[in-house]
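All ligand and atom numbering here is 1-based and tracks the order in the structure.
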Amino acid sequence: MIFDELMQIRAKALEQLEKAASSDELSELNTSVLGRGGMLTAILRTMGKLSAEERAELGKRANAVKQELVERFEARRAMLAEEAERKKIEREAIDVTLPGKRIAAGTGALNPLTLVYREIRDALIGLGFTTFEGPEVEYDEYNFTLLNLPPNHPARDMQDTFYVNDRVLLRTHTSPCEARALKTLDLPVRLVIPGRVFRVDEPDASHSPVFMQMEGLVVDRNVSLADLKGTIDSFVKAVFGENVESRLRPSYFPFTEPSAEVDISCSICGGKGCSSCKGTGWMEIMGCGITNPHEIENCGKDPDEWRAFAWGVGVDRVACLKYGISDIRLIYEGDGRFLSQFK
Ligand code: DAH
């Protein structure tokens, strides 16, 4: 009788085992049959009531059943795993014969930043400038200290900085290249210095944590504010046209004295006053000034012999104004539909 029970447990387990559809279901079944509180264990617990021969016989048969079930469970587990793997591969299959996205020949175009950069650069090369570049990951010393912004100078907060560590940062402007040029080049020089700069800013229509600047630096024995004004006016006209005027407005930068902001007459309304220029007829495009003698001295050159002027223009801002781009983020998204307009 007890042997019949054993055979029933076996038969039932084998039947359910074939029906188990997942490895979770299977291991649940395994526990309910072979586990510590399982059916097979329960039957062995009743051994006490049996005779010695019956006990030996039950032990033998129960072991054989157990053995068989362990093997069958293992085989079923392997089968389910294989099936799951096969289904996964099926699900993730890629049809390599599907046609790809069409890349239409002839829609490629230059980014407006590149166009504006080249216009400014070429106008300046015509005035005897050459290009110079520096690293995007920069020393605090070059980005700030040499430019007359010693540690704890309040004006360091004018630009929110991404620091890599105490001494290294992502440059917040192209001005550290002024220090690199002053330290390493033979003077006099006329330099145009393009590059990406970084500031901690939430991206919105007029802010991007990465944007492009172009620094200008002229170092010579005898330069004046008039030279600065004339140089700036010539590339403003090259980019925006002969009718656009520029003006200098007093401002403050630690690395220039005097310092100024450059405004251009509004390219939208021509100076009459509109919503783009907030009714003033002028739009701000950059900072500039006569280089502070402290910067020249910090970089190892004699400020009594050398004078300099410089500016830092936001290329994105100029591109947005020139082409009427309302959202700076468009410049960085690389959307072909946007870019294909700039041919
Ligand atoms: N570096 C300044 C900025 O990012 C702009 C600037 C550059 C001002 C050079 C200057 C200068 O006076 O000489 O806002």
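L124 and V189 fall into different hydrophobic clusters, defined by Ile, Leu, Val, Met, Phe, Trp and Tyr side-chain heavy atoms under 4.5 Å apart, directly or through other members. Both L228 and I120 are part of a single hydrophobic cluster, where members link through side-chain heavy atoms under 4.5 Å apart.
In terms of protein heavy atoms, atom 2 (C) of ligand 1 is closest to F255 CZ, 3.9 Å. Considering only non-hydrogen protein atoms, atom 14 (O) of ligand 1 sits nearest to F253 CE2, 3.8 Å. G312 N, 3.2 Å is the protein heavy atom nearest to atom 7 (C) of ligand 1.
Cation-pi geometry between R180 and F132 is not satisfied (NZ or CZ under 6.0 Å from the ring centre, within 45° of the ring normal).
Interface atoms of ligand 1 facing T256, defined by a heavy-atom separation under 4.0 Å, are 12 (O), 13 (O). For ligand 1, the atoms sitting less than 4.0 Å from at least one non-hydrogen atom of G289 are 12 (O), numbered in the order shown with element in parentheses. The distance from ligand 1 to the heavy atoms of S175 drops below 4.0 Å at these ligand atoms: 1 (N), 7 (C), 9 (C). Proximity to W311 (heavy-atom distance under 4.0 Å) selects the following atoms of ligand 1: 7 (C), 9 (C), 11 (C), 13 (O). Within the listing of ligand 1, atoms 9 (C), 13 (O) sit less than 4.0 angstrom from a heavy atom of E178.
Contact analysis puts C288 in contact with ligand 1, with a non-hydrogen atom separation below 4.0 angstrom. Under a 4.0 Å heavy-atom criterion, E261 is not in contact with ligand 1.
Checking H173, E215, E257, R171 against atom 9 (C) of ligand 1, the nearest heavy atom belongs to E215.
Open room surrounds NZ on K66; 12 or fewer heavy atoms of other groups in view lie less than 6.0 Å from it.
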Subject >> Stepwise side chain to side chain contact (heavy atoms under 4.5 Å, CB included) test for Q16 and E25 >> reply: CA-CA 10 Å; Q16 288 182 333; E25 249 176 66; over 6 Å; no
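A salt bridge does not link R199 to D201: none of the charged side-chain nitrogens sits closer than 4.0 Å to a carboxylate oxygen.
Counting heavy atoms under 4.0 Å from ligand 1, residue Q213 touches it through the side chain alone.
In this model, no donor atom of one side chain and acceptor atom of the other lie less than 3.5 Å apart for E245 and S265.
No side-chain heavy atom of F338 sits under 4.5 Å from any side-chain heavy atom of D327.
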